[in-house]
Amino acid sequence: MKKLLQTTTVFVAMLLISGMAFGQKKYSKKQIEKLKNEVSKIVLNNHKQTQVMVDKIFSFAELGFQEYESSKYLTGLLEQNGFEIKTGISGIPTAWLATWNNGEGPTIALGSDVDCIPKASQYPGVAYHKPMVEGAPGHGEGHNAGIPLNISAALAVKEIMERESIGGTLILWPGIAEELVAAKAWYARDGVFDDIDLCIFTHVSSNLSVSYGQASGTGLISVEYSFEGEAAHSAGSPWRGRSALDAAELMNVGWNYKREHLHPLKRSHSIFTDAGDQPNVVPSKASIWYYFRDVTYEGIMEMYEDANNIAAGAALMTDTKITSRILGTAWPRHFNKVIAETMYENIKQVGLPEWSEDDQTLAKAVQQEVGSNPRGLATDLSSLGLPVTTPRSGGSDDIGDVSWVVPTVTMRFPSNIPGLQGHHWSNAIAMATPIAHKGATAGARAEAMTILDFFLKPELVDQAWDYFNNVQSKETKYQPMIGKDDMPPTYLNKGIMEQFRPEMKKFYYDETKYSTYLEQLGISYPTTKKD
């Protein structure tokens, strides 16, 4: 049904039969609102389960492609609740799909990320830098709350669907290695979303919001360039060596000269991933890893071509060999108007959580600590996000690839503190506290109500695809930046996790002994410098 909907004529015809397309019982507006209110209450009643999931994933603190404990725990919960689990999606060991089917009806996918940030280890609820394990990863983005939110919403909806014999399918999936933008493009390339009617993605934020149309920020391509030369004694016979590091440094110099001529909307950043072994050996191998960002697919690919040329020039100058590998990609995001408008009506009904005095004290103390305005947590609900009329540069998210394959929105939920810099230990402070728990529950309520809207009013699915086909994709057609032979770089972060996991295991949350993770850690909430 979905991808045959190409013209307005077809759309009108389908509207005439909407509601019957999936063989669904017709529900009155009053009946639908009653069921939505009920599903919202189920989520509220299950707040304890949400809290445990949020705290558990926080305690695992796993980097991209190494989310083994997190995936095992989450899929175990879903399997216990009747979901069929498929693992190893797109050749990624920690990727999975959890599917529950209740007969004929729309197929709705719920996604969120699960990985964390390097060197962001932090005690939750403590309003200053206090690592749990020095140098270890931590949830300095807040990805530990998104999939728990989705599970809470899905289980509540499932309860209603089973009782009322509502047809449809729920699929939950993880955004593996989002911080490396290195999984969703592979999902899209491999057809994971081909039979899905719509996708609701969730991401941590400091307010409850949703948007449609072109989003602010960029897409990107992530590429590692590797040079190979010839080793030699750096003092005894340096003329016999061909330095791969010289080549990598020359590429970096060449690209830095290129920066002067980049449009202001473009962004690029790099790190050396291999710079040789020791000073007295001419480096035979060296590598440099770039992110190239722009607001359009075409702009990204132009930067990629320029970088390839600069890399080739650096190899020629040093008589070295050059190879490259794509490590991740993200299309610029475009979100669905029909899903966003439907969801925002539910967001208005749910509203922001009631923050306690302790919640606000923690937030203001953290803001003060990092030099932000100590304004506390948001108390005014965000408005519906409208399409960006003037493109703005910024971050990327590989949910962009999904948004060009199936009608998609990202719901942002209020589990973190506003005014922080992101990708930082300070962003971990709230993520296993009542702030994160309340925010995840609020998001789950809005998401569950939205899911029911689309199951009970299948014509909304048709309308979402009409926007996707006749507005969003009218002039822009998606094509993956990766080829059919490009493999996801699942080796990334393995060494880091092997180094830190033994010590981190001592801090895994045991919900059978402690009500909350704060209790297990012996933290008085909130802990500030004045305490």
Side-chain angles (χ1 to χ4, degrees), residues 61-66 68 115-121 129 131-138 140 177 179-182 221-259 268-292 304 306-328 423-425 486-505:
E62 295 174 301
L63 293 171
F65 289 125
Q66 308 305 319
Y68 289 97
D115 59 328
C116 72
I117 300 292
K119 296 182 175 63
S121 178
H129 193 203
M132 298 171 67
V133 177
E134 187 68 46
E179 299 301 347
L180 304 171
V181 289
I221 189 166
S222 164
V223 190
E224 184 180 46
Y225 294 90
S226 296
F227 296 88
E228 183 176 353
E230 184 73 25
H233 195 297
S234 298
S237 53
W239 58 89
R240 298 181 66 176
R242 291 178 285 115
S243 174
L245 181 57
D246 287 353
E249 289 185 301
L250 283 167
M251 180 182 181
N252 200 35
V253 170
W255 185 258
N256 282 335
Y257 275 104
K258 179 68 177 177
R259 288 177 195 273
S268 67
H269 354 275
S270 63
I271 62 167
F272 286 95
T273 54
D274 184 358
D277 300 303
Q278 57 193 56
N280 65 331
V281 179
V282 173
S284 62
K285 294 184 179 180
S287 300
I288 185 167
W289 181 9
Y290 283 93
Y291 278 13
F292 303 114
Y304 179 38
D306 288 342
N308 289 341
N309 290 335
I310 291 171
L316 283 171
M317 285 188 285
T318 53
D319 193 20
T320 57
K321 296 178 182 178
I322 174 67
T323 58
S324 65
R325 178 174 182 175
I326 296 174
L327 301 183
H423 291 186
H424 189 252
W425 55 262
D486 289 316
M487 298 299 294
T490 56
Y491 59 87
L492 290 174
N493 293 322
K494 182 178 180 181
I496 299 173
M497 289 307 303
E498 287 177 347
Q499 176 186 354
F500 288 107
R501 196 185 294 274
E503 189 67 21
M504 293 168 64
K505 280 184 177 180

Side chains of [X] and [Y]: closer than 4.5 Å at any heavy-atom pair?
X: Asn252; Y: Phe272; answer: yes
X: Ile288; Y: Glu224; answer: no
X: Ser287; Y: Tyr225; answer: no
X: Trp289; Y: Leu492; answer: yes
X: Asn493; Y: Leu180; answer: yes

> When Glu230 is tested against each of Lys285, Arg242, Arg240 for salt bridge (Lys or Arg N to Asp or Glu O under 4.0 Å), which residue passes?
Replying inline: Arg242
Report, as yes or no, whether the 6.0 Å neighbourhood of atom [atom1] on [X] holds more than 12 heavy atoms from other residues, nucleotides or ligands.
X: Asn309; atom1: CG; result: yes
X: Gln278; atom1: CD; result: yes
X: Tyr491; atom1: OH; result: yes

Are the side chain of [X] and the backbone of [Y] linked by a donor-acceptor contact shorter than 3.5 Å?
X: Ser234; Y: Asn280; result: yes
X: Glu62; Y: Tyr68; result: yes
X: Glu503; Y: Met132; result: no
X: Asp274; Y: Gly276; result: yes
X: Ser121; Y: Val133; result: yes

> Which class fits the ring pair Trp425 and His129: parallel under 30°, tilted 30 to 60°, perpendicular over 60°?
Replying inline: parallel
> Looking only at heavy atoms, which two atoms of Ala314 and Thr320 are closest? And how far apart?
Replying inline: O-OG1, 4.4 Å
>> If you apply the rule side-chain hydrogen bond (donor to acceptor under 3.5 Å, both in side chains), what do you find for Trp255 with Ser270, and how did you get there?
In response: CA-CA 10 Å; Trp255 185 258; Ser270 63; over 6 Å; no
